[in-house]
Amino acid sequence: NAGVMQNPRHLVRRRGQEARLRCSPMKGHSHVYWYRQLPEEGLKFMVYLQKENIIDESGMPKERFSAEFPKEGPSILRIQQVVRGDSAAYFCASSPSRPSTDTQYFGPGTRLTVL
Amino acid sequence: LAKTTQPISMDSYEGQEVNITCSHNNIATNDYITWYQQFPSQGPRFIIQGYKTKVTNEVASLFIPADRKSSTLSLPRVSLSDTAVYYCLVGDTGRRALTFGSGTRLQVQP
């Protein structure tokens, strides 16, 4: 059973460009979460999605950031008009449809560098 | 949301037992205690989870006293590959957004 897949692993963008980060959850998982991690810091929650629905986006900036998890295909975290402060590691996690406890399984992350 | 406090860093030697304590004075009745491990340039990896008393798996043990205001992650006979950051999380199973603190940076030396 493959783990959570994220691509690309590394992404370089210039200021003002768009960044698209993809996440494929583990097989059988319908809950997806996105987190951001700055160097030497813990992960910060951004958004929680189920298929075709955003459940909690309280940690995601209101502007320039959006997320989706379509019926078919991976979850996408989209950052428009990137700025240098968006440089970070972005992790996706997934959990089963009916988890007994709050265990999330993390992908390897996408490291975004904004020049 | 219960806030956690854990040491910033710890040092150990190969073969020793390492105990990392986490304080969570405001833990709520529905909260579970979960520990994750993160290696550089990787995503966090689930280690262990518990609600009360003691939980043991093939990787670690988790000790939780009766008042549940703290917990201790115990790693038996650590090796160099256990060098990582360890995060203690406390949360309601119904709440989906995990809150990571700064974690404990464990350095294992030969």
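All figures in this text were calculated on a predicted structure; none of them were measured in a lab. Order of the sequence lines fixes the chain letters, A, B, ..., with proteins taken first and strands second; residue numbering starts at 1 for each chain. All heavy atoms count here, side chains included; hydrogens, waters and symmetry mates do not.
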Just how far is it from atom [atom1] of [X] to atom [atom2] of [Y], taken to the nearest 0.5 Å?
X         : Y         : atom1 : atom2 : value
Phe106(A) : Gln42(B)  : CZ    : CD    : 13.0 Å
Thr99(B)  : Phe45(A)  : OG1   : CZ    : 9.0 Å
Ser41(B)  : His10(A)  : OG    : NE2   : 7.0 Å
Leu89(B)  : Gln104(A) : CG    : CD    : 9.0 Å

* Step by step, work out the side-chain contact (heavy atoms from CB on, under 4.5 Å) result for Leu43(A) and Tyr36(B). => CA-CA 11 Å; Leu43(A) 282 73; Tyr36(B) 280 83; over 6 Å; no
Most contact-rich option vs chain B, by heavy-atom pairs under 4.5 angstrom, among Pro108(A), Ala89(A), Gly109(A), is Pro108(A)
More than 12 heavy atoms of other residues, nucleotides or ligands under 6.0 Å from [atom1] of [X]: yes or no?
X        : atom1 : result
Gln16(B) : CD    : yes
Lys51(A) : NZ    : yes
Phe39(B) : CZ    : yes
Ile8(B)  : CD1   : no

Closest non-hydrogen contact found for Gln37(A) with Tyr87(B) is NE2-OH, 3.3 Å
Between [X] and [Y], is there shared hydrophobic-cluster membership here, with clusters defined by ILVMFWY side-chain heavy atoms closer than 4.5 Å?
X        : Y        : result
Val55(B) : Phe63(B) : no
Ile54(A) : Phe65(A) : yes
Met26(A) : Met5(A)  : no

| Just by modelled atom types, is the Leu98(B) backbone N or O under 3.5 Å from a matching donor or acceptor in the Tyr35(A) side chain? | yes
Cut-off 4.5 Å, heavy atoms of chain A, and the answer for Arg105(B) is side chain
